There are 2 protein chains.
Amino acid sequence: MGSESAALDSAFMALADPVRRSIIARLSRGPATVNELAEPFEISKQAVSKHIQVLEQAELVTRSRDAQRRPVHLNPARLEALTAWIDQYRLVREGQFRSLDAVLRSQAADSSG
Amino acid sequence: MGSESAALDSAFMALADPVRRSIIARLSRGPATVNELAEPFEISKQAVSKHIQVLEQAELVTRSRDAQRRPVHLNPARLEALTAWIDQYRLVREGQFRSLDAVLRSQAADSSG
DNA sequence: TCCTTAAACAACCGATAGGTTGATAAACGA
DNA sequence: TCGTTTATCAACCTATCGGTTGTTTAAGGA
């Protein structure tokens, strides 16, 4: 494990934008074309198309073909990979950090193995 | 809900960097100072300090005071907020998208409520 | 007081993210 | 074939990111 770092980079980066998160939310209710996805936003279609490419490179969405349309749909598996990463760390007990100063002082005082 | 968009922006952005994720991983095992956190990396201490500031602004970590040291520790609550966001969408059934073309064609053909 | 340690501040730099406009490609419909 | 729709490609611009080096602040210790 650990070599999927670039995949996590691109996936978290992809979610770090409100437009792209909004697209994810929309796609959770079913697939949509670029035009449909662009409609709620005030930015250009090209900009939305770029956002979709970012999501696609992060493998958070996939695309198919329907005549001229390039419908986009969600890839829930990638989202699960992100929660899996986060869950490693969010389960840490708060109590572990209860007396922080004590921990630090013992590190400074005790230099033996 | 939905007005915490900026918080999600900064939190996901913060996780979109391998150094910062590594810092999170390290902190899950206990608090650490900037120097301790910087040690595993080849980049400068200032660079690590900036990374920590990014994590702090995203409220993924907090800091305290211990003499000259500014120990950093994890804020698991923020991580939970991220999984909460993702979980809204990752639970979508794959079957919903089974016959994609049919869905799209019915949208085009059927314009009544 | 003077020196050391821990860490932040500041200015700067190259790369890239997010946006724009304009042009192009691909597939259908008459 | 010609026009329309759908969407991408290409070039460009500005702001921000991740890194650097140098300076400064804060807190102890001799």
Side-chain angles (χ1 to χ4, degrees), chain A residues 5-6 8-23 27 31-58 60-73 100-101 103-105 107-109 111, chain B residues 5-6 8-24 27 31-58 60-73 100-101 104-105 107-109 111:
Chain A
S5 182
L8 290 172
D9 284 9
S10 58
F12 280 124
M13 174 65 97
L15 294 185
D17 182 285
V19 171
R20 291 193 293 258
R21 283 199 307 278
S22 183
I23 288 172
L27 291 176
T33 66
V34 174
N35 272 320
E36 288 165 350
L37 291 170
E39 198 178 316
F41 304 107
E42 297 198 335
I43 61 178
S44 69
K45 246 171 249 192
Q46 286 93 329
V48 173
S49 189
K50 278 193 192 181
H51 280 304
I52 293 168
Q53 285 178 61
V54 170
L55 289 167
E56 193 180 14
Q57 284 197 321
L60 289 166
V61 306
T62 57
R63 323 195 60 173
S64 52
R65 254 290 179 199
D66 176 69
Q68 311 101 304
R69 285 166 224 109
R70 306 283 309 273
V72 185
H73 59 100
L100 181 58
D101 296 69
V103 171
L104 287 164
R105 292 219 172 83
Q107 285 180 348
S111 59
Chain B
S5 182
L8 290 171
D9 284 10
S10 58
F12 280 124
M13 175 63 98
L15 294 185
D17 182 283
V19 171
R20 289 192 295 258
R21 284 198 308 278
S22 183
I23 289 172
I24 293 286
L27 291 175
T33 65
V34 175
N35 272 321
E36 288 165 350
L37 291 171
E39 199 178 315
F41 303 107
E42 297 198 336
I43 61 178
S44 69
K45 246 171 250 192
Q46 286 92 332
V48 173
S49 188
K50 277 194 191 180
H51 280 303
I52 293 167
Q53 285 178 61
V54 170
L55 289 167
E56 192 180 14
Q57 284 197 321
L60 288 166
V61 306
T62 57
R63 323 195 60 173
S64 52
R65 254 291 180 198
D66 176 69
Q68 312 102 305
R69 286 167 224 109
R70 306 282 308 275
V72 185
H73 59 100
L100 181 59
D101 296 68
L104 286 164
R105 292 218 173 84
Q107 284 181 349
S111 60

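If you're wondering where the values come from, they're calculated on a predicted model, not measured in any experiment.
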Positional range of nucleotides in DNA chain C within the contact set of chain B, heavy-atom, under 4.0 Å: C:dT5 to C:dA11
Results of side-chain hydrogen bond (donor to acceptor under 3.5 Å, both in side chains) for B:S49 - residues two or more places apart only: none
For B:R21, all residues meeting side-chain hydrogen bond (donor to acceptor under 3.5 Å, both in side chains), sequence neighbours excluded: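 With sequence neighbours excluded, B:R21 shows a side-chain hydrogen bond (donor to acceptor under 3.5 Å, both in side chains) to A:S5, A:D9, given in chain and number order.
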Near-strand residues of residues 8-23 of chain B, defined as heavy-atom separation under 4.0 angstrom from DNA chain C: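 None - not one residue of the stretch has a heavy atom sitting under 4.0 Å from the strand.
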Heavy-atom contact window of chain B on DNA chain D, given 5' to 3' at under 4.0 Å: D:dG18 to D:dG28
From CG (B:L27) to NE2 (B:H73), nearest 0.5 Å: 9.5 Å
Steps toward side chain to side chain contact (heavy atoms under 4.5 Å, CB included) verdict (B:V48, B:I23): CA-CA 9 Å; B:V48 173; B:I23 289 172; 4.3 Å; yes
Would you mind writing out the side-chain donor-acceptor pairs for residues 37-46 of chain A within the sub-3.5 Å range, not counting sequence neighbours?
| residue | atom | partner | partner atom | Å |
| --- | --- | --- | --- | --- |
| A:S44 | OG | A:A47 | N | 3.1 |
| A:K45 | NZ | A:N35 | OD1 | 2.7 |

Non-neighbouring partners of A:E56 that pass side-chain contact (heavy atoms from CB on, under 4.5 Å), sequence neighbours left out: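 side-chain contact (heavy atoms from CB on, under 4.5 Å) check on A:E56 returns A:V61, A:R63.
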Of residues 38-46 of chain B, the positions that come close to DNA chain D - non-hydrogen atoms, cut-off under 4.0 Å: B:I43, B:S44, B:Q46
5'-most by nearest nucleotide on DNA chain C - A:K50 or A:Q68: A:K50
Toward the 5' end of DNA chain D, by each residue's nearest nucleotide, B:H51 or A:I52: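 Result: A:I52.
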Ignoring hydrogens and angles, write down the donor-acceptor pairs under 3.5 Å from the side chains of residues 12-20 of chain A, residues two or more places apart or on other chains.
| residue | atom | partner | partner atom | Å |
| --- | --- | --- | --- | --- |
| A:D17 | OD1 | A:V19 | N | 2.8 |
| A:D17 | OD1 | A:R20 | N | 3.2 |
| A:R20 | NE | A:A14 | O | 2.7 |
| A:R20 | NH1 | A:H51 | ND1 | 3.2 |
| A:R20 | NH2 | A:M13 | O | 3.1 |

